[in-house]
Amino acid sequence: MRKVLLPTIIFIATILLIMRLFYLQVIDDSLKLKSDNNAIKISYDYPERGYIYDRNGKLLVANQPSYDIMVIPKDVKELDTTEFCSLLKITKEEFLKKIAKAKIYSPRLPSVFLSQLNKKEYAAFQEIQRKFVGFYIQKRALRDYQVAFGANVFGFITQVNDKIIEKNDYYRSGDLIGRQGVEESYEDILRGIKGVKYIQKDKYNRDIGSYKEGKFDTISVQGKDITLSIDAELQKYGEELMINKRGGIVAIEPKTGEILALVTAPSYDPAILVGRQRSKNYTMLYHDSIAKPLYDRGLLAEYTPGSPFKILTGLVALQEGAIDESTSFVCRHGFSYAPGRFMKCHCHGGALQLHRGIYESCNTFFASSYMKTIDKYGNPPKGVDVWSNHLKSFGLGQFMGYDLPTGRKGNLPTSKTYKKMYPGWAWSSKTIVSNAIGQGEVLMTPIQLANMIAAVANRGYYYTPHIIKKIKGGTIDKRFRTKHVTTVDKKYFEPMVSGLFDVYNMGTAHGLNVEGIEICGKTGTAENFAKINGKRVKLQDHSIFVAFAPKDNPKIAIAVFVENGYWGSRWAGPITSLMIEKYIKRKITRTDLEKRMLEGSLQGEYNKYLSKPIVDTLIKTKVDSPSIPLIAKPQTKVEKPEVKVEETPEN
């Protein structure tokens, strides 16, 4: 048997090899096509990118024609460079540099010599193109923005670089690709498929017709249109409210996870990244290290969440049986939890239960609830990990899986965090009690906060936030239709929602309610630190607000961060209530409040931190955070455990 097996294998392998060679050399012409490249000109037909619409059918992004001058270096003949450069308004040095770059890419293949000519420039060149052998016009489609907002949502398109060409054989030099926003996330859908034509050339390099009568030619396929979940009117309004402010707004439809608005401030008009000035304008935006208009604060900025985090502290404490609705703690305008350790509080004081603790935002109540949760297990590391796992079920401490190409996980401490922070120290719930009020090691992005309050609005579940609503001729990823249920039982959400409702009626957001809309919300004030000249310096607090409405059958959940905005009800609270009214009523009734928010500016506050020594120090130390003023990051090395928390009024 063994004597027969080896010859049989050799025989079969030989037959297969002969068959493959016959196919490649006789039947399949593709290799011959490649070998004949010197006598064949490849011409591409670029399709239009898919159009982009908002959830209500409003056209947001269309296309406009653009013309690139392409060059095949080996075909270039002697030409009048003075006339050529004068026509295209470039210098002779630029001409030589571009030719040299094209030769490096490939002497025989076309590459972009000059991109994105307008119609007038194209017409002028086309008239005398015959003089410039080796150059030709390639028509493409550039974006035509129908709106002046939403730059962070859309992203932009730009030419592919060498790395992309090496990784993906679809792209050639000069091709355009989506970057950032939905242009990047849905590039494969929006770009379409380019057509290819193979044109035979004679020995004089003249076109003599289609190669093999067009056997290998393909037609272009236009990109698919997409409909975003964004409400264009709400997005525009949010960006207007955030003029002269820094921060982010994320609004979500709770029952679907669809993102209604994704605002980052400051932003820019997306149209400035189209055309010949795109590179210059992008460089200007990229090097703005102070305002950071290219930095999407809604997805990337990791903030201390402040008092909205008390919602989670309370829910976890209820779930763990550390408290119930009738549990009472006495607040004496602060919480003394260890000798020399005092956490200030600005509630009215006295004995508080959960309901009043929420709407008055009592530090004492939630610090006590947190400590009871951690201490329940008699082992702080175990207690912290149980607490942390509950928070993970709300989407904290992880990339959430939304359909945008950028984001950060935030920070969710575990027992490992504190073992590293306090090596050899017997830390306890008292050591880390500032977590209770969102002032500890927890960091959250605005989209995580919006998703958290959406889960509360739904009484314990959420769908992964996403910005796509419909793809023409396609389907949406099933992960956006998958329900995520938190580890907190549904029954514990009702008492929390009741307290959040009274935040507007008699609590820290009193005066911000909207007639005819039952809103549930939570104000927040987060301390803000930066390391300047080696010292930890306190900067102006951040203003935070989370809310959903209506109370029952909610249609919108929203998180607003305003950097250096003092306290929650000063900036973030009013902006939140205006956004909710705009979305639900489609009009604003409180025009005085609207005027104050639209015209209000925090630029003076930001300018305090623009002195050269401070800016130089911040840049030199490369502190990682959304803007100047910067946010303190958790320190991994401390001399001793210390907690000192002070919140401003209306926390």
Side-chain angles (χ1 to χ4, degrees), residues 44-54 59-70 110-119 121-122 137-195 220-228 230 262 264 267-286 293-296 299 403-406 467-468 471-472 474:
Y44 293 105
D45 179 21
Y46 288 89
E48 279 196 83
R49 287 179 77 86
Y51 283 31
I52 301 176
Y53 298 86
D54 91 327
L59 179 62
L60 303 175
V61 185
N63 298 303
Q64 57 181 310
S66 173
Y67 308 92
D68 292 349
I69 296 181
M70 308 294 290
S111 59
V112 176
F113 179 84
L114 196 63
S115 65
Q116 301 182 10
L117 275 66
N118 58 36
K119 289 181 180 179
E121 293 168 328
Y122 161 67
I137 293 289
Q138 175 69 67
K139 184 179 178 181
R140 304 184 196 272
L142 293 182
R143 282 317 206 181
D144 185 13
Y145 294 99
Q146 309 299 300
V147 296
F149 54 84
N152 63 310
V153 173
F154 306 138
F156 54 90
I157 58 173
T158 185
Q159 284 188 21
V160 295
N161 55 36
D162 292 340
K163 288 184 179 179
I164 295 172
I165 294 172
E166 289 175 10
K167 290 172 64 176
N168 191 331
D169 60 7
Y170 173 85
Y171 297 101
R172 298 287 182 271
S173 177
D175 285 4
L176 301 175
I177 190 171
R179 277 285 171 261
Q180 299 184 11
V182 295
E183 293 282 17
E184 180 172 337
S185 295
Y186 292 96
E187 163 69 8
D188 292 351
I189 291 171
L190 289 168
R191 76 184 181 195
I193 302 173
K194 61 189 172 190
S220 63
V221 179
Q222 183 171 344
K224 293 178 181 177
D225 297 343
I226 64 174
T227 298
L228 303 182
I230 291 292
L262 179 62
T264 182
S267 188
Y268 59 93
D269 184 341
I272 69 172
L273 294 186
V274 176
R276 295 277 292 277
Q277 299 301 309
R278 191 205 75 81
S279 180
K280 175 184 174 183
N281 290 335
Y282 181 82
T283 300
M284 176 188 67
L285 295 171
Y286 180 81
L294 291 175
Y295 186 92
D296 193 331
L299 304 177
D403 54 342
L404 288 161
T406 189
I467 208 159
I468 193 73
I471 300 171
K472 187 176 181 180

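On a predicted model such as this, the values are computed, not experimentally measured, just so you know.
Between Y282 and Y286, the angle of the ring planes stays under 30°, which puts this pair in the parallel group of the 30/60° scheme.
The salt bridge (Lys or Arg N to Asp or Glu O under 4.0 Å) check on R140 picks up D68, D175, with sequence neighbours excluded. Under the salt bridge (Lys or Arg N to Asp or Glu O under 4.0 Å) criterion, R49 pairs with E183, E187, sequence neighbours left out.
Using a 4.5 Å cut-off on side-chain heavy atoms (C-beta onward), L294 and Y268 make contact. For the pair V274 and Q64, the minimum side-chain heavy-atom distance is below 4.5 Å. A heavy-atom distance below 4.5 Å is found between the side chains of R278 and L273. Taking the side chain as every heavy atom from C-beta outward, Y122 and K139 never approach each other to under 4.5 Å. At least one side-chain heavy atom of L176 sits under 4.5 Å from a side-chain heavy atom of Q159. Considering only heavy atoms from C-beta on, R179 stays 4.5 Å or farther from I157 through its side chain. No side-chain heavy atom of I226 sits under 4.5 Å from any side-chain heavy atom of K472. Between D54 and V147, the closest side-chain pair of non-hydrogen atoms is not below 4.5 Å.
Taking CG from D403 and CD from E184, the interatomic distance works out to 12.0 Å, rounded to the nearest 0.5 Å. Summarising the geometry, atom CG belonging to D144 is positioned 12.0 Å from atom OG belonging to S66; distances are rounded to the nearest 0.5 Å. Interatomic distance, F154 CZ to L60 CG, rounded to the nearest 0.5 Å: 4.5 Å. Taken to the nearest 0.5 Å, the CD atom of Q222 stands 7.0 Å off from the OH atom of Y51. With rounding to the nearest 0.5 angstrom, the CD1 atom of I467 is 4.0 Å from the CD1 atom of I230. Of the inter-residue distances, the one linking L117 atom CG with I69 atom CD1 reads 4.5 Å to the nearest 0.5 angstrom.
Of all heavy-atom pairs between L262 and V153, the closest is O-CG2, 3.8 Å. The two residues S267 and A151 make their nearest non-hydrogen contact at OG-CB, 4.1 Å. T264 and Y295 get closest at one heavy-atom pair: OG1-O, 3.1 Å. Across all non-hydrogen atoms, the minimal contact from I193 to P47 is O-CG, 3.6 Å. Across all non-hydrogen atoms, the minimal contact from K194 to Y170 is NZ-O, 2.7 Å. The shortest non-hydrogen separation linking S173 to P110 is CB-O, 4.4 Å.
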Exercise. Step by step, work out the side chain to side chain contact (heavy atoms under 4.5 Å, CB included) result for N63 and R143.
Key: CA-CA 4 Å; N63 298 303; R143 282 317 206 181; 2.9 Å; yes

Exercise. Would you please test Y145 and D269 for side-chain hydrogen bond (donor to acceptor under 3.5 Å, both in side chains) and show each step?
Key: CA-CA 9 Å; Y145 294 99; D269 184 341; over 6 Å; no

Exercise. Using the side chain to side chain contact (heavy atoms under 4.5 Å, CB included) rule, take D296 and L404 through it: C-alpha gap first, then chi angles, then the decisive distance, then the call.
Key: CA-CA 11 Å; D296 193 331; L404 288 161; 5.9 Å; no

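Under a 3.5 Å cut-off, the side chain of E121 and the backbone N or O of Y67 do not form any donor-acceptor pair. In terms of modelled atom types and a separation under 3.5 Å, the side chain of N281 and the main chain of Q277 share a donor-acceptor contact.
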